[in-house]
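Order of listing sets the numbers, starting from 1, for every ligand and every atom in it.
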Amino acid sequence: MKKKLLSLILAGTMAFAMAACGSTSGSTSSDSSASSDSSTSSDASASSDSTASTDKTVGIAMPTKSLERWNRDGSYLQKQFESKGYKVELTYSDNKIDQQVKDIEGLIADKVDILVVAAIDGESLSQVLADAKDNNIPVISYDRLIMNTDAISYYVSFDNYTVGTLQGKYIVDTLDLDNAAGPFNIEFTGGDPADNNATYFFNGAMDVLKPYIDSGKLVVPSGQTTFEQCGTAQWDTSKAMSRMQNILGSYYSDGTQLDAALCSNDSTALGVTQAIESDYAGSNTVVITGQDGDEANLKNIVDGKQSMTVYKAVANEAVATLDLAVAILNGETPDESLISNSGWDFDCSYDTKSYDNGTGIIPSYLLVPTVVTKDNLDDALVTPGYYTKDSDGYLHPVG
Ligand code: BGC
């Protein structure tokens with residue numbers, strides 16, 4: 001593991017230890033679940049690089065603490081920037097759109113030098129980001145593309161379409177759709193319609209699976225195959241569970257076998273898995289996909305209840321965001337050369353074609369997602385230092 005990531009993970013461990021001790025330093029978080037933690041800090045006490053210093057402040061707006069990955073994103077981003085001597089203001093907005101607008105207004109009023117924003121609703125930030133632009137504050141769209149604003153200069157994410165294709169291909173391979181007689185039954189659970197990523201995930205998976213639906217090898221007993229029919233507001237676990245319980249009650253109570261459940265991420269996979277446990281009469285193992293490597297889902301993978309997750313190393317997404325932000329703050333106009341100049345130990349492509357936010361193409365740095373199953377948990381997650389493994393074989397995120 002390269003030095004940069006190792007120091008990040010160590011710093012992340014420190015951050016969690018500090019949180020456990022109840023530090024409340026500089027908290028401006030508005031996420032109800034975060035009101036007493038140390039997730040927002042304006043000091044650089046945990047810097048892992050004492051040689052760096054700057055008087056600049058980075059404003060980071062995360063969607064919510066209730067979806068597991070954003071806690072890791074916020075923590076990693078904070079530690080990365082602090083390691084270079086930046087001050088950090090980190091907000092979580094409890095998945096409330098108005099709250100995120102207020103939080104970003106607050107960061108602008110605090111005169112942050114750059115904004116890193118993971119939007120709750122990609123369509124709702126045009127006005128507040130116009131204010132950022134008026135105040136000459138550059139904005140990086142983090143993980144989710146922010147739509148209909150010319151205030152954002154760059155997008156950092158994973159290849160979202162590929163996430164969906166990996167999920168679709170996993171189902172093709174596991175059910176052996178090219179050779180087995182079939183037909184097999186499948187249901188789809190998509191993500192939040194307000195999240196621009198959700199359609200990329202869904203379309204990626206559907207592009208792989210649709211030929212098999214068209215040929216009759218795959219059957220969707222509910223008939224729900226469009227993103228509009230399959231979306232899950234706010235990626236909410238209980239909404240995904242209720243919808244799947246309804247589907248199981250309406251289309252599977254006669255003994256029809258469910259072979260696969262395409263779920264766009266882990267929070268929805270958790271709900272679908274719960275629905276199958278409580279309301280599915282069959283005894284076969286249902287192939288269930290996911291995304292993120294959330295702790296509960298990794299436990300389900302170890303226990304054989306979820307088949308795979310698409311892991312996105314958000315520790316690396318934070319490294320890419322740091323180096324991009326530093327270049328912007330230095331007055332540079334980053335392009336493809338940022339990748340080679342930064343010496344990253346992870347793959348990343350520079351994309352100037354795929355992501356149009358309604359005002360034009362947004363140059364994008366896209367990291368590469370990985371398929372994780374029970375068979376490669378150690379190699380993919382433990383060995384690189386992203387997770388530790390306990391004596392029962394369950395994984396726990398670091399940082
Ligand atoms: C992220 C996914 C995540 C989902 C819900 C998406 O924008 O890319 O990794 O599962 O939001 O938090």
task: Might you list the protein residues in contact with ligand 1, defined as having a heavy atom under 4.0 Å from one of its atoms, sorted by chain and number?
output: L67, R69, W70, D143, R144, D195, N197, F201, W235, N265, Q291, D292, K312
query: Is there a donor-acceptor pair closer than 3.5 Å between any side-chain N or O of K65 and the backbone N or O of N71?
result: no
field: Main-chain N/O of A180 paired with K217 side-chain donor or acceptor, under 3.5 Å
entry: yes
- prompt: Roughly how far, to the nearest 0.5 Å, is the CG atom of N196 from the CZ atom of R144?
  reply: 10.0 Å
- prompt: F158, V319: one ILVMFWY side-chain cluster at the under-4.5 Å cut-off?
  reply: yes
- request: Provide the full list of side-chain hydrogen bond (donor to acceptor under 3.5 Å, both in side chains) pairs with a residue in residues 358-367, sequence neighbours left out, each pair given once.
  value: N357-T359
- prompt: How about Y280 and Q257: do any of their side-chain heavy atoms sit closer than 4.5 Å?
  reply: yes
